Amino acid sequence: MSAYDPKKIEPKWQKEWEQAGLYHAEDSSSKPKYYTLIEFPYPSGDGLHVGHPRPYIGLDIVSRKRRMEGFNVLYPIGWDAFGLPTENYALKTGKDPRIVTKENTDTFRRQIQSLGISFDWSREINTTDPEYYKWTQWLFLKFLERGLAYKAKMPINWCPKDKIGLANEEVVDGKCERCGTEVEKRERKQWMLAITKYADRLADDLDTVDYPERVKIQQRNWIGRSEGALIKFDDIEIFTTRPDTIRGATFIVMSGKEDKFTGRYVINPATREKIPVWEAEYVMADYGTGAIMGVPADDERDRIFAEKHHLPIVENYTKAEFEDYGKKVAKYKLRDWVFSRQRYWGEPIPVVHCGKCGIVPVPESELPVKLPEIKNYQPTETGESPLANISGWVNTICPKCGGKAKRETDVMPNWAGSSWYFYRYCDPHNDKQFASLEKLKYWMTPVRQSGGGVDWYNGGMEHTVLHLLYSRFWNKFLFDLGLVPTSEPYKKRTSHGLILAEGGEKMSKSKGNVINPDSIVERFGADTLRVYEMFMGPFEQAIAWSESSLVGPRRFLEKVWKLAGKGQTLNIDSQGLTLMHQTIKKVSEDIEAMRFNTAVSTLMIFVNELDKREEISQKEFEILLLLLAPFAPHITEELWSTLGVSQNSIHTEKWPKYDESKLIADEVTIVIQVNGKVRGKFVASANITKEKIIKAAQEVPEIQKWLVDKNIKKSICVPGKLVNFVTS
RNA sequence: GCUCGAGUGGCGGAAUUGGUAUACGCGCAACACUUAAAAUGUUGUGACCGCAAGGUCAUGUGAGUUCGAUUCUCACCUCGAGCACCA
């Protein structure tokens, strides 16, 4: 038998799978559907690093298992390619961002394809493709049409030296990242999306989805709903979440720069007493009404304030019914979404400004409003987008009156394209609609459980607030218009941990510690990289890369390869049978719970056991290959093809089932404890009774010295596991 | 400051309806094969005491509950993530 050579078999099978269309999702099928989704990458100029594939491999394993379980699986990929780094690169080099994006996506595609991820490449999308952003613009017009997109004055970060607006990310310690100048706030009219209109539903509907609890908590905290009451103390209206404590209110505090008494008094409507009005820093101007009632007996901060300034504290007051004094309201931390950027590399906002007609949407027939090709990507000195310099593009005619008009020069934030990309995957080549309702219904309507949307969405913890919330908001809006079939976009959400550099630091080009998967594939093979990334630690935890640990998974695959050359037998003894069924059960369950690390170790134990034997049965080897196939798709396909049991790809074979009755071993080891300490053990048949265990345990020679001259006060017995003698 | 996580061998980690702590892997050591090395294989590998048999200690620290605690309760320490005075 030849040696295991991943360089020979991996490209061969990748080509074959692609030609056979093995991973193409079918838009109609007699099989039940399953939609697995990873966050589509931003194709940065740094190329792929070994952290990128971790989530792709994780959901690839789930997707491959689902196919083997008989599902019609949609596992797509694309590129979230608008955004700052590419634009800044263009600014520096003068290179067209389209070219840069093309180069970067070509690199990413080649690298991802070398890993054998079962993406359906026929559905690849790119947010910077006019055929794609046409629909991003169309969706924006829907928001405009329904009054949810509006213009408002909002502050932006302004660098007075560079004369450009800065993203938060470009402001470091209040200074411009490039030149170090102190950043100023400047008011600008900005496009806004009214996400706050959906605040209640975004919070409430978290109860209907399967997200990790900490993700739900973060979303709820971000929305920040608090229910309370508005109460008037004369002309000052305050907001409180504890209106029942009003009889304990002995002062009013308004937002201010420092603690000071205003000289004013107002009447507490509950007690009819005159109370002082103060100003203090601890009251926030933009939350609630910017004023609170001070209840020092009930609120810690109010008490500290009262003690500091010798204000009265009333301890024993009676609870009030707030309806008598105020009205019930809910307040939110969530603010409307600033939706415009004064930049180039984004989707143009498809409206024109007409002197006569005002803001006029670009008609659907004229979409997409294409980004013009330009030479200079520098924003204008007035803070407008570089697009404002292209007079041939800016000057247009009003679609309504035919008079002279100017195009909007702001573009959308890069959250826009990622707020709806998962619909496009369902119908990626549709030139009539962003996606047909029929196809959305097929892919996003639940098959078995309640709740709808993408069946399983995995992403990074860094996106659990903004991206998740924004896309849920778009989904709810489109659901209300009857354009999408479910009120929530994702049924189940999980997250993965970062892969850090060997020293535990984040990988970045600037630190020079980026590990490129190409070199790993070259030296160890894609299957080894895949198994290693799954084996290295818990999937949802951040973990440091370790070059020296890669040999473990490689040795494991070598062992699997060698098993194919072992002598064969038809017999499996009962111990072997038990191990095989236990392995099926454990690997199946671990994949569902994303415990990939223990799934791999279970497979290693199985392989070690088979490796010890002179002969193995074909059945055991088949089961091993089937269970390993989602983790290491190339080596298993190669070995499967030489086995000759089937003409099919292993990836379309049936996922093994375990037999409940075979899980329990005939014999078990019973641990003997004396006063809670392990003193010995013995082997007994699995169905031995308690009485027999206790009797047999006392007869074990090494136990007797611990029992001599002692009275056994109590014997505790866990059948099949343990016995504990408590002595006096 | 608040909230949520997490602390287990030399290293990554495993084990929870409370029941053999350290699975699996890396590393290390010895041996086999080899002229030699690599690769591979075999054996060993928590700490301490002991010639050995064996014993004692050990899951961040200290208490508690229990026949029995990595797992449950309380207090504290350290690290990480998120949020910024949210009434």
Side-chain angles (χ1 to χ4, degrees), chain A residues 3 212-226 228-229 231 238-243 245 249 252-253 255 280-295 298-302 304-305 331-334 461-462 464-465 497-498 500 502 504 531-532 535-538 540-556 558-559 562 586 595 597-608 611-612 668-681 702 705 712-727:
Chain A
E213 202 48 43
R214 65 184 192 282
V215 172
K216 290 190 183 184
I217 290 169
Q218 279 195 46
Q219 292 245 326
R220 285 203 189 94
N221 288 347
W222 189 264
I223 296 164
R225 173 166 60 196
S226 52
I231 302 175
I238 63 101
F239 175 70
T240 176
T241 55
R242 293 294 309 279
T245 64
I252 294 293
V253 194
S255 169
E281 217 189 328
Y282 81 94
V283 175
M284 295 177 73
D286 55 1
Y287 186 80
T289 62
I292 63 154
M293 61 181 189
V295 186
D298 196 71
D299 184 280
E300 183 67 12
R301 274 173 318 171
D302 291 349
I304 291 166
F305 189 78
K331 291 277 170 203
Y332 301 90
K333 268 197 298 197
L334 186 69
M461 275 310 278
E462 70 274 19
T464 56
V465 179
L498 286 179
L500 308 166
E502 297 241 5
V531 172
Y532 171 63
F535 180 62
M536 65 196 299
E540 65 286 351
Q541 233 171 71
I543 195 157
W545 184 258
S546 166
E547 197 79 36
S548 61
S549 298
L550 268 157
V551 293
R554 172 65 192 238
R555 284 176 191 154
F556 164 65
E558 300 266 8
K559 259 187 212 172
K562 282 186 201 148
K586 176 84 172 134
R595 290 187 298 252
N597 53 335
T598 52
V600 173
S601 73
T602 302
L603 288 167
M604 285 173 168
I605 292 168
F606 190 40
V607 167
N608 288 345
D611 190 45
K612 267 189 225 157
V668 290
T669 302
I670 310 255
V671 170
I672 310 163
Q673 295 182 336
V674 178
N675 293 324
K677 296 202 174 190
V678 179
R679 298 298 181 190
K681 52 193 77 167
E702 68 260 32
K705 69 174 175 188
I712 297 176
K713 273 204 307 197
K714 208 168 159 190
S715 306
I716 293 119
C717 184
V718 183
K721 274 197 177 151
L722 163 148
V723 60
N724 184 17
F725 297 114
V726 185
T727 63

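Bear in mind the structure is a predicted one, so any value in this text is a computation, not a measurement. In what follows, chains are A, B, ... by sequence order, proteins preceding strands, each numbered from 1.
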Provide the Watson-Crick or G-U wobble partner of [N], both distances under 3.5 Å; none if there is no partner.
| N | value |
| --- | --- |
| B/G27 | B/U45 |
| B/G82 | B/C2 |
| B/A75 | B/U61 |
| B/A39 | none |
| B/U34 | none |
| B/A69 | none |
| B/C51 | none |
| B/A87 | none |

With heavy atoms under 4.0 Å as the rule, sort [X] into base, sugar-phosphate or nothing.
| X | value |
| --- | --- |
| A/R679 | sugar-phosphate |
| A/N608 | sugar-phosphate |
| A/V283 | base |

Between [N] and [X], is there an OP1 or OP2 to side-chain N/O distance shorter than 4.0 Å?
| X | N | result |
| --- | --- | --- |
| A/R220 | B/U3 | no |
| A/R554 | B/G25 | no |
| A/Q541 | B/G13 | yes |
| A/K714 | B/C67 | yes |

Which of the following nucleotides, [options], is nearest to the side chain of [X]?
| X | options | result |
| --- | --- | --- |
| A/V678 | B/C24, B/C83, B/U20 | B/U20 |
| A/L722 | B/G19, B/C24, B/A14 | B/G19 |
| A/Q673 | B/G54, B/C24, B/U20 | B/U20 |

Assigned chi class of B/G9 under the 90° convention is syn

Distance between the [atom1] atoms of [N] and [M], in whole angstroms?
| N | M | atom1 | answer |
| --- | --- | --- | --- |
| B/A15 | B/A6 | P | 13 Å |
| B/U20 | B/G46 | C1' | 16 Å |
| B/U42 | B/C24 | P | 13 Å |
| B/U3 | B/A47 | P | 41 Å |

message = So A/V600 and A/Y532, do their side chains get closer than 4.5 Å, heavy atoms only?
response = no

Salt-bridge contact A/K562-A/E558 (side-chain N to carboxylate O under 4.0 Å): no

